[in-house]
2 protein chains.
Amino acid sequence: MKAETFKVACSSCNLRELCMPVGFDQKDMDKLDEVVTTRKKIKQGDMLFENGETFTSLYAIRTGFFKTSIASEDGREQVTGFQMAGEIIGLDGIVNDHHTCNAVALEDAEVCVMPFEHIEDLSREFPILQKHVHKIMSREIVRENGMMMLLGNMSAEERLANFLVNLIQRLYARGQSQSEFILRMSREEIGSYLGLKLETVSRTFSKYSEEGIIEVKQRHIKILKPDALKQLVKSPNCN
Amino acid sequence: MKAETFKVACSSCNLRELCMPVGFDQKDMDKLDEVVTTRKKIKQGDMLFENGETFTSLYAIRTGFFKTSIASEDGREQVTGFQMAGEIIGLDGIVNDHHTCNAVALEDAEVCVMPFEHIEDLSREFPILQKHVHKIMSREIVRENGMMMLLGNMSAEERLANFLVNLIQRLYARGQSQSEFILRMSREEIGSYLGLKLETVSRTFSKYSEEGIIEVKQRHIKILKPDALKQLVKSPNCN
DNA sequence: AAGTTTTTTTGATATACGTCAAAGATTACA
DNA sequence: TGTAATCTTTGACGTATATCAAAAAAACTT
């Protein structure tokens with residue numbers, strides 16, 4: 001067995017309720033474990049998959065943090081999402097059997113490899129899993145709708161507030177602090193995601209900081225006035 | 001039977017290859033017809049479904065033209081897509097059993113109502129349909145990734161060129177002219193979709209017109225230099 | 001067909017954000 | 001431990017697009 005892969009079970013995974021549907025009995029759960037064939041470790045800066053690569057599997061993030069991005073012909077990068085533990089990446093590859101974006105680990109990470117053929121086979125057997133897969137894809141569509149609102153209609157301040165509120169909510173759901181966290185991405189990557197330049201991101205951080213809304217020490221962020229931040233978010237929240 | 005609904009069959013529909021998977025024999029095809037329970041007519045300006053409404057069905061557009069949009073708390077509208085014959089709308093509703101966007105007919109339209117329960121039941125029975133549903137959802141995710149690139153990275157000219165090239169490609173796939181068409185939406189709706197104000201859309205049309213790339217007579221557009229337009233599209237195409 | 005409303009175009013002006021540049025701060029590396 | 005490389009901040013200035021406004025054109029209404 002290679003160093004970076006080894007076998008595991010969802011039934012004993014503490015992230016189960018994030019990746020997997022609820023409502024299974026033990027017998028079904030054993031069957032469900034077949035969805036994940038292996039785990040895979042990805043070093044910071046390495047790619048999990050890239051544009052053009054043949055699509056075989058979805059990946060459930062066990063630990064670590066990813067960004068997904070696409071590039072235009074002339075090389076401009078657009079970050080399309082940041083993903084953390086319990087989230088699923090690779091959905092872009094289903095339609096054409098090839099991935100259309102790059103997934104890069106922003107910190108050392110481990111993912112559960114779920115061959116899509118397995119998922120489809122088991123979905124036909126277990127309606128709960130089928131429904132779950134549909135919901136995951138629909139959730140991503142709704143998230144991206146929210147991003148269109150953000151990119152099409154919102155000011156730099158609203159965009160960054162939205163981004164921060166979304167991050168703390170997701171981190172909080174994973175048992176982390178609501179008020180303090182470390183950004184795993186650079187100002188440039190935040191800017192790319194939000195349709196802003198890195199200087200604008202930096203300036204907006206500084207502005208919030210001057211207003212006492214947050215405290216910024218490089219990538220360490222402390223939320224001082226969560227309500228002020230939430231008030232800046234006047235749009236459908238994009239989880 | 002109500003005036004606006006009546007029963008029909010996919011097996012005899014000329015849009016079948018757009019909405020439905022290929023590779024079915026006659027026996028299966030009869031079964032597949034069960035996906036669509038009824039058709040429904042929607043008058044121009046009327047809503048097919050709206051934000052907050054309980055989700056029950058996906059809709060395949062038979063005739064007509066739709067826009068989908070979301071609204072922020074303070075009332076700003078973001079158009080999230082324009083849909084034409086053969087395309088499926090309603091995917092946003094799956095994740096929370098409620099729709100999160102509004103779907104409005106931009107011209108008199110007719111849709112095939114496909115209760116999602118039926119789709120799920122039949123998908124378990126027919127892997128080809130299952131795969132098809134997954135591809136439709138993944139295609140929408142990839143399209144929205146492309147929109148993020150457009151909204152986050154592209155100039156007004158690039159956005160409008162992208163929009164026009166995408167439209168003609170889709171219309172051409174439906175047997176219409178590659179060089180001439182009628183816009184079914186206002187400058188404001190185009191602007192909302194592209195993250196621009198209506199004045200900017202109008203000015204950009206005028207600019208293309210002056211450069212001899214297109215001919216604009218209100219909503220009637222003629223493409224004079226398709227290559228010039230395509231050259232303006234330097235980004236992953238968002239179909 | 002006249003009048004009202006809506007849509008589109010065009011011009012003048014404003015502004016939010018981008019660009020360019022340089023200095024600090026932090027991290028990586030040898 | 002020092003040196004290079006990268007990331008972040010801040011300032012000065014530029015520009016693409018927004019805003020405001022008004023006229024022209026088209027689409028409805030009665």
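Just so it is clear, the model here is predicted, and its values are computed rather than measured. Chain naming here is simple, since letters A, B, ... match the order of the sequence lines and numbering starts at 1 in each.
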Report task. Side-chain contact test, heavy atoms from C-beta onward, threshold under 4.5 Å: evaluate it for B:Phe205 versus B:Leu164 and give yes or no. Result -> yes
Report summary line: Separation of C:dC17 atom P from A:Leu151 atom CG, nearest Å, is 13 Å
Report task. Count the heavy atoms of every other residue, nucleotide or ligand shown that sit under 6.0 Å from CD of B:Glu188, and state whether that count exceeds 12. Result -> no
Query raised in the report: Over how many whole Å does the gap from B:Arg187 atom CZ to D:dA18 atom C1' extend?
Result: 18 Å
Query raised in the report: Looking across every strand, which nucleic acid part, if any, lies under 4.0 Å from B:Gly195 by heavy atom: base, sugar-phosphate, or nothing?
Result: sugar-phosphate
Report summary line: A:Leu150 atom CG is separated from C:dC17 atom P, nearest whole Å, by 12 Å
Query raised in the report: Between A:Gln44 (CD) and D:dT6 (C1'), how many Å, whole number?
Result: 13 Å
Query raised in the report: Considering only side-chain heavy atoms of A:Thr200, which listed nucleotide, D:dT10, C:dT9, C:dC17, is closest?
Result: C:dC17
Query - Value in whole Å for how far the C1' atom of D:dT9 lies from NZ of A:Lys197 - result: 17 Å
Report task. Quantify the bending of the helix from C:dA1-D:dT30 to C:dA30-D:dT1 as the angle between its end axes, each fitted on five pairs, to 10°. Result -> 60°
Query raised in the report: Using a distance-only test with no angle check, is there a side-chain donor-acceptor pair under 3.5 angstrom linking B:Asn153 and A:Gln78?
Result: yes
**Report entry** Separation of atom CZ in B:Phe205 from atom C1' in D:dA25, rounded to whole Å
**Finding:** 17 Å
**Report entry** With B:Phe55 via ring pair (Phe, Tyr, Trp, His ring centres under 6.0 Å) - residues at least two apart
**Finding:** B:His99, B:Phe116
Query raised in the report: Nearest-Å distance, CG (B:Leu194) to P (D:dT17)?
Result: 12 Å
Report task. Mark yes or no for a side-chain to base donor-acceptor pair under 3.5 Å between A:Glu189 and D:dC7, with no hydrogen or angle criteria applied. Result -> no
Query raised in the report: Quick one: does A:Glu199 reach the base of C:dC20 with a side-chain donor-acceptor pair under 3.5 Å?
Result: yes
Query raised in the report: Are any of the side-chain heavy atoms of B:Tyr193 and A:Met148 separated by less than 4.5 Å?
Result: yes
Query raised in the report: Any side-chain donor-acceptor pair under 3.5 Å between B:Thr68 and B:Thr80?
Result: yes
Query raised in the report: Checking side-chain contact (heavy atoms from CB on, under 4.5 Å) against A:Val36, which of A:Cys10, A:Cys13, A:Cys19, A:Pro115 comes through?
Result: A:Cys10
Query raised in the report: Where the side chain of B:Arg203 is defined as all heavy atoms beyond and including C-beta, which of C:dA12, C:dT8, C:dT19 is the nearest nucleotide?
Result: C:dA12
Requested in this report: Ignoring the backbone of B:Ser155, work out which of C:dT8, C:dA25, D:dT17 is nearest its side chain.
Outcome: D:dT17
Report task. Run through A:Arg184, A:Glu87, A:Lys67 and flag the one making a side-chain contact (heavy atoms from CB on, under 4.5 Å) with A:Phe82. Result -> A:Lys67
Requested in this report: Could you say whether A:Gln218 or A:Ala156 is positioned toward the 5' end of DNA chain C, judged by the nucleotide with the nearest heavy atom to each?
Outcome: A:Ala156
Report task. Identify whether any heavy atom of A:Leu196 sits under 4.0 Å from a base atom; if not, whether one sits that close to sugar-phosphate; answer base, sugar-phosphate or nothing. Result -> sugar-phosphate
Query raised in the report: Taking the side chain of A:Val216 as heavy atoms from C-beta outward, which of C:dT8, D:dT9, D:dC7 is closest to it?
Result: D:dT9
Report summary line: Here the distance between atom P of C:dT6 and atom CZ of B:Arg219, to the nearest Å, is 14 Å
Requested in this report: Please work out if A:Ser186 contacts a base, only the sugar-phosphate, or nothing of the nucleic acid, heavy-atom cut-off 4.0 Å.
Outcome: sugar-phosphate
